[in-house]
There are 2 protein chains.
Amino acid sequence: MSLPHPDADQIALPNVLAALGDETRLAIIGCLARCDAMNGLVCGQLGGLTSKTNLTYHVAKLREAGVVNVRPEGTKRRVTLRRDDLDARFPGFLDTVIASAIDLPLVDITLRQLHEAVQA
Amino acid sequence: MSLPHPDADQIALPNVLAALGDETRLAIIGCLARCDAMNGLVCGQLGGLTSKTNLTYHVAKLREAGVVNVRPEGTKRRVTLRRDDLDARFPGFLDTVIASAIDLPLVDITLRQLHEAVQA
DNA sequence: GTCCTTGTTCAAAATTCATTGAACAATTGA
DNA sequence: TCAATTGTTCAATGAATTTTGAACAAGGAC
């Protein structure tokens, strides 16, 4: 884990709320929620949402708030939801957020692009 | 109810998250959570947080997102949490938020001022 | 009616946040 | 080594939010 992440017990809800109070970041959460059953996503797979540079920015926000974990894999970055940590700290909270995040139009757009990318 | 409020079934979590992703508004929620067992608070009682004008702004944000109800009482405005509506729509969510909101330093400052105001 | 209290409106200023593009690093694979 | 892929950094722009003050309503007390 080479990037700085807050410890589980240092995750603060005000920071989490601020991190999630943004459409783009909610859409990222929605994609992760649908795809991270196994191993999360790599930043590039979220390309439909916004530019590469901007993704770096938003993923960092989520990481600093303790919402996601980012693990380098070669030149890629694997992004996963910190489900266990969030559930332990704020029971039920993440599920509520996910339920609304996966309804966002942006998520569907990106998931379609992800699907096309996998087929290509 | 002379001010516009969203119906219970129109409360959208992205809006709620955006409304709560702000220190001042979280502090308002914290005060309400401690004081609204009976009948909520009046804007003036939140005076320790920020200016009158700014309170109007933040309370409106919370109202528009569906987090609070604002009811005119003469020249005052009684502000209450929309507990039932939020619990019905996002079970457990509000309790989680409140638990962290009442720990905010700003809340204690304001509650002390409220206490002093009541004694005076 | 005349104050006083409470809160709103409006426009302006200040601040913060989000987005972009160019240049750069690091890894992978040929 | 060379090129392609993936993502970062930095500075700058643009956009949205927050904050402020002056002037204004609306109601209650006298």
Side-chain angles (χ1 to χ4, degrees), chain A residues 1-5 14-29 31 39-65 67-80 104 106 110 113-114 117-118 120, chain B residues 1-5 14-28 31 39-65 67-80 106 110 113-114 117-118 120:
Chain A
M1 204 190 292
S2 77
L3 296 157
H5 292 74
N15 296 340
V16 173
L17 290 170
L20 296 178
D22 175 274
E23 263 204 350
T24 304
R25 293 192 289 266
L26 262 189
I28 293 174
I29 299 304
C31 289
N39 44 14
L41 287 175
V42 149
C43 288
Q45 296 177 298
L46 296 165
L49 291 173
T50 178
S51 67
K52 228 170 22 162
T53 308
N54 203 217
L55 262 181
T56 298
Y57 170 74
H58 285 298
V59 169
K61 284 261 171 189
L62 291 169
R63 171 178 53 76
E64 287 159 11
V67 180
V68 302
N69 186 281
V70 184
R71 183 178 61 249
E73 274 185 6
T75 148
K76 306 183 182 178
R77 304 282 181 273
R78 185 156 301 271
V79 184
T80 51
L104 288 181
L106 275 179
T110 303
Q113 293 178 336
L114 198 163
V118 168
Chain B
M1 204 191 292
S2 77
L3 296 156
H5 292 75
N15 295 341
V16 173
L17 289 169
L20 296 178
D22 174 274
E23 264 203 350
T24 303
R25 294 192 289 264
L26 262 190
I28 293 174
C31 289
N39 43 15
L41 286 176
V42 149
C43 288
Q45 296 177 298
L46 296 166
L49 290 173
T50 178
S51 67
K52 227 172 22 162
T53 308
N54 204 218
L55 261 181
T56 298
Y57 169 75
H58 285 298
V59 169
K61 283 261 171 188
L62 290 169
R63 172 178 52 78
E64 287 159 9
V67 179
V68 302
N69 186 281
V70 184
R71 181 174 18 124
E73 273 185 7
T75 147
K76 306 183 181 178
R77 304 282 181 272
R78 185 155 301 272
V79 184
T80 51
L106 276 179
T110 302
Q113 294 178 337
L114 198 164
V118 169

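So that the names make sense, note that chain A is the first sequence line, chain B the second, and so on, each numbered from 1.
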Tell me if a side-chain donor or acceptor on [X] pairs with a main-chain N or O of [Y] at a distance below 3.5 Å.
X       : Y       : value
A/Arg25 : A/Val59 : no
A/His58 : A/Ala19 : no
B/Arg78 : B/Pro72 : no

Polar pair under 3.5 Å, donor/acceptor by atom type, side chain A/Thr75, base D/dT6: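 Under the 3.5 Å cut-off, the side chain and the base do form a donor-acceptor pair.
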Whole-Å distance separating the [atom1] atom of [X] from the [atom2] atom of [N]:
X       : N      : atom1 : atom2 : value
B/Leu46 : C/dT8  : CG    : P     : 12 Å
B/Leu41 : C/dG7  : CG    : P     : 11 Å
A/Leu17 : C/dC17 : CG    : C1'   : 17 Å
B/Leu3  : D/dA26 : CG    : P     : 14 Å
B/Arg78 : C/dT6  : CZ    : C1'   : 13 Å
A/Asn15 : C/dC17 : CG    : P     : 11 Å
A/Leu62 : C/dC17 : CG    : P     : 14 Å
B/Glu64 : D/dA16 : CD    : C1'   : 15 Å

Sugar-phosphate only, base, or nothing, as touched by A/Lys52 at under 4.0 Å among non-hydrogen atoms: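 Base, at least one base atom sits under 4.0 Å.
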Straight-line distance of B/Leu20 CG to A/Leu20 CG, nearest 0.5 Å: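 Answer rounded to 0.5 Å: 11.0 Å.
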Rounded distance [0.5 Å steps], CZ in A/Arg77 versus CZ in A/Arg71: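 The distance works out to 12.0 Å.
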Given DNA chain C, 5'-ward residue of the pair A/Arg25 and A/Glu73, judged by closest heavy atom: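 First, find each residue's nearest nucleotide; the 5'-ward one identifies A/Arg25.
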Candidate nucleotides [options], ranked by approach to the side chain of [X] - the nearest:
X       : options                : value
B/Lys61 : D/dT18, C/dT20, C/dA18 : D/dT18
B/Thr53 : D/dG7, C/dA18, D/dG21  : D/dG21
B/Tyr57 : C/dT20, C/dA18, D/dT19 : D/dT19
B/Val42 : C/dT6, C/dT20, D/dG7   : C/dT6

So, OP1 or OP2 of [N]: does either fall under 4.0 Å of a side-chain N or O from [X]?
X       : N      : value
B/His58 : D/dT17 : no
B/Asn54 : D/dT18 : no
A/Ser51 : C/dT19 : no

Along DNA chain D (nearest heavy atom to each residue), the more 5'-positioned of B/Thr50 and A/Leu55: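 Looking at DNA chain D, the more 5' nearest nucleotide goes with A/Leu55.
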